[in-house]
2 protein chains.
Amino acid sequence: MIRSVKVLVSLGALLITPSLQAEPFENAAEAVEYRQNAFSMIRANFGVLAGMARNEIPFNADEAKTRAQAVYHLSYIPWQGFVGMGENAYEGTEALPGIWQNKADFNNKAEALRSAAKELVEATESGSMNTIRPKFMAVARSCQQCHEQYRD
Amino acid sequence: MIRSVKVLVSLGALLITPSLQAEPFENAAEAVEYRQNAFSMIRANFGVLAGMARNEIPFNADEAKTRAQAVYHLSYIPWQGFVGMGENAYEGTEALPGIWQNKADFNNKAEALRSAAKELVEATESGSMNTIRPKFMAVARSCQQCHEQYRD
């Protein structure tokens, strides 16, 4: 009974939560937290692949695939924290204003990450680190090229 | 020059970060934070769809599609916070021990969410809320069925 009430309350809260616009954040701080969380989750997963690529972590094909898939799925996520409430929200963060001055280029770099991450997932199907490593490096370069220009 | 040094340091840090196992978290608290962040990100995106489904937010086909895609991609993410360092990590959280006592069922429910979220994405291609709404409800039920059993 308590459980059912909780479920109803929780479902009700979910349905009431959003403000009256297509915006998942109430303020800029929430948008910034969202995108920072997304990047830290990408980093957590990519870090395991980095360890395997450097032979510091024993290679495990299933684990590599799981991590690559997580990076791929997460590569769709941070960008919503840069628009709407997150638009021009850079004070106190490492984001640089150039993100919003060169939005098309920034978006292209996000797309480059998604594309590189997709190829990384495909490479993990091989089960071979020799096939995975160059695709891992391509994702790392994609991160780096964007950070170099748009992260302080 | 400063920028180049920063990039090198940052790339070096990324490559050094992982501990010597295929585990992206240093302790249970990090695993818990990871999965909680993932769920809150799902909720942020799904909340916008909920508002549209209830006609509280004006329907916008592109926005609905973006939000559904985010929910779909994020539906792959929280589960890694329940294994490894996150195994049996429930104290001080809303997770119930049953998650680890019924792992196969829990994993099936996670798969049900991914599957429902995929159908939701496909429904958003229609651009019609009448097509989207039942798929939205199916995702909501999938959340609820898992919460009912495995969330305190």
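No experiment lies behind these values; they were computed from the predicted model shown. Letters go in sequence order (proteins before strands), and every chain restarts at 1.
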Please look at [X] and chain A and tell me whether the side chain, the backbone, both or neither of the residue comes under 4.5 angstrom of a heavy atom of that chain.
{"X": "B:Ala38", "result": "both"}
{"X": "B:Thr66", "result": "both"}
{"X": "B:Tyr34", "result": "both"}
{"X": "B:Gln80", "result": "side chain"}

Compare all side-chain heavy atoms of A:Gln149 with those of A:Lys109 and state whether any distance is below 4.5 angstrom. yes

Which atoms form the tightest heavy-atom contact between A:Phe25 and A:Glu30, and what is the distance?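 In terms of heavy atoms, the two residues are closest at CA-OE1, 3.4 Å.
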
In terms of heavy-atom pairs under 4.5 Å with chain A, which of B:His73, B:Met41, B:Arg67 leads?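 Among the listed options, the one with the most contacts to chain A is B:His73.
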
Would you verify whether the NZ or CZ of B:Arg114 falls within 45 degrees of the ring axis of B:Tyr72 while also being under 6.0 Å from that six-membered ring's centre? no

Candidate pair A:Arg35 and A:Thr93, rule side chain to side chain contact (heavy atoms under 4.5 Å, CB included), full reasoning: CA-CA 11 Å; A:Arg35 71 196 195 207; A:Thr93 80; 3.8 Å; yes

Is it the case that the ring center of B:Trp79 lies less than 6.0 angstrom away from the ring center of B:Phe39?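 Yes.
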
